> 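Please read through the structure below; I'll follow up with questions.
Keep in mind the model is a prediction, meaning the values are calculated, not measured. Just so you know, ligand 1 is whichever comes first in the structure, and atom 1 is the first atom listed for that ligand.
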Amino acid sequence: MKETHFTFHNNVTIPYIGFGTWQIPNDEAYPAVTMALKNGYTHIDTALAYRNEENVGKAIKDSGLPRESIFLTSKLPASIKGYDETINAFNESLANLGMDYLDLYLIHAPWPWDEIGKECTKENIESWKAMEKLYHDGKIRAIGVSNFSIKDIQALIDTCDVVPMANQIPFYIGRDQKDLVDFCKKNRILVEAYSPLATGDILINPEIIAMAKKYDVTTAQLSIRYCIEKDTLPLPKSTHESRIIENSQLDFSISPEDIKTLDAIKDVRKND
Ligand code: A2P
């Protein structure tokens, strides 16, 4: 595998693939993260809102792997904004995880999930200032955002000291968010791709299935590899060991021609 990691603009490195834990309940998170670590993943992504931090942290500890060999991300809940609120939520995540620092901490969304689109720029700036303080204090090695638009990110760049190191967004074949990804690249913000399989919908797309056959890989592997070819960091998730292994075996390249074909595929989501 030619890739091993991406590098943030502050020179901190992050393994090129992460194990996502969204929608993995706390009781399933322990075996899932244990399997991921056993099979070579060194990058785990969680969030306070996932309610599985406790078992994610326990699985990391019980793995016996040195803390510094693991890259661990958590997130400030979308509904919690403000300076003190951010510090408190961060400390809650640290306590849940049983850790004394995080590798990456993200604002989970620019607005609460039950008020999508609400104007929260002022509140996000307050949260960002708290994250900058935690970053400068050495409590977090890199800070970023998630589900942020160009406008949301620009507001932080215009008013704050630290440009976000990452923006974690839904990204998969058929949803490449080109303008946002180009904006992030221009500002040296790493795009992390969550739901690289469109939460499973991608796996039944006939065009993607056919192309995967051509490369002698699975549809999941082709879809995850597509994220890397687009310079985004995929965060696949599964609770099955065989799939956890499969999703990290990405030692092939997709030709520029085939990338173009994949780029032309419209949104694969069943519900769209
Ligand atoms: P499961 O946990 O039962 O393996 P996404 O990462 O886009 O959100 O997709 C996650 C969904 O895709 C989960 O339902 C997961 O189910 C399923 N999944 C993950 N990896 C694979 C794979 N290699 N093959 C088939 N389904 C997969």
> Give the residue, atom name and distance (to 0.1 Å) of the protein heavy atom nearest atom 2 (O) of ligand 1.
Thr239 N, 2.9 Å
> For ligand 1, which part of Ala198 has a heavy atom less than 4.0 Å away: the side chain, the backbone, both, or neither?
backbone
> Check for a donor-acceptor pair, side chain of Gln221 on one end and backbone N or O of Glu246 on the other, with a separation under 3.5 Å.
yes
> In terms of atom number and element, which parts of ligand 1 are under 4.0 angstrom from non-hydrogen atoms of Pro196?
6 (O), 7 (O)
> Which atoms of ligand 1 sit under 4.0 Å from any heavy atom of His240?
1 (P), 3 (O), 4 (O)
> Around atom 18 (N) of ligand 1, find the nearest protein heavy atom and jot down its residue, atom name and distance.
Leu197 CD1, 3.8 Å
> Are Tyr105 and Leu94 close enough, and set up right, to give a side chain to side chain contact (heavy atoms under 4.5 Å, CB included), and what steps lead you there?
CA-CA 11 Å; Tyr105 194 53; Leu94 271 195; over 6 Å; no
> Say whether Gly20 and ligand 1 are in contact under the criterion: heavy-atom distance to a ligand atom below 4.0 Å.
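Per 4.0 Å heavy-atom rule, Gly20 does not contact ligand 1.
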> For atom 9 (O) of ligand 1, what's the nearest protein heavy-atom neighbour? Residue, atom name and distance, please.
Thr199 CA, 3.3 Å
> Would a distance-only check, ignoring hydrogens and angles, find a side-chain to backbone donor-acceptor pair under 3.5 Å from Asn167 to Gly144?
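A pair under 3.5 Å: no.
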> Among Asp263, Ile208, Asp258, find the one that has a side chain to side chain contact (heavy atoms under 4.5 Å, CB included) with Tyr226.
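Going through the options one by one, the only one that passes is Asp263.
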> For the side chain of Glu229 and the backbone of Ile254, is there at least one donor-acceptor N/O pair under 3.5 Å apart?
yes
> Heavy-atom distances under 4.0 Å decide this one: backbone, side chain, both or neither, for Asn247 against ligand 1?
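It is the side chain that touches ligand 1; the backbone stays farther off.
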> Hey, is Leu203 touching ligand 1 through its side chain, its backbone, both or neither, going by heavy atoms under 4.0 Å?
side chain
> Hey, what's the ring geometry for Trp22 with Tyr194, parallel, tilted or perpendicular (30° and 60° as the breaks)?
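Aromatic pair Trp22/Tyr194 classed perpendicular.
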> Just need the protein heavy atom nearest to atom 4 (O) of ligand 1, so name the residue and atom and give the distance.
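The closest one turns out to be Ser238 OG, 2.5 Å.
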> Where the side chain of Arg225 meets the backbone of Ile228, is there a donor-acceptor pair that is under 3.5 Å apart?
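No.
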> Counting only heavy atoms, tell me which of Arg243, Gln249, Glu246 gets closest to atom 16 (O) of ligand 1.
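It is Arg243 whose heavy atom sits nearest to atom 16 (O) of ligand 1.
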> Please verify the inter-ring angle class for His108 with Tyr50; under 30° counts as parallel, over 60° as perpendicular, anything in between as tilted.
perpendicular
> Under 4.0 Å, heavy-atom basis, I'd like to know which part of Lys237 is in contact with ligand 1: side chain, backbone, both or neither.
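Both parts.
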> Below 4.0 Å, non-hydrogen atoms only: which portion of Ala220 touches ligand 1? Side chain, backbone, both or neither.
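The answer is the side chain of Ala220.
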> Tell me whether Asn52 contacts the main-chain N or O of Ile24 through its side chain, where contact means a donor paired with an acceptor under 3.5 Å.
yes
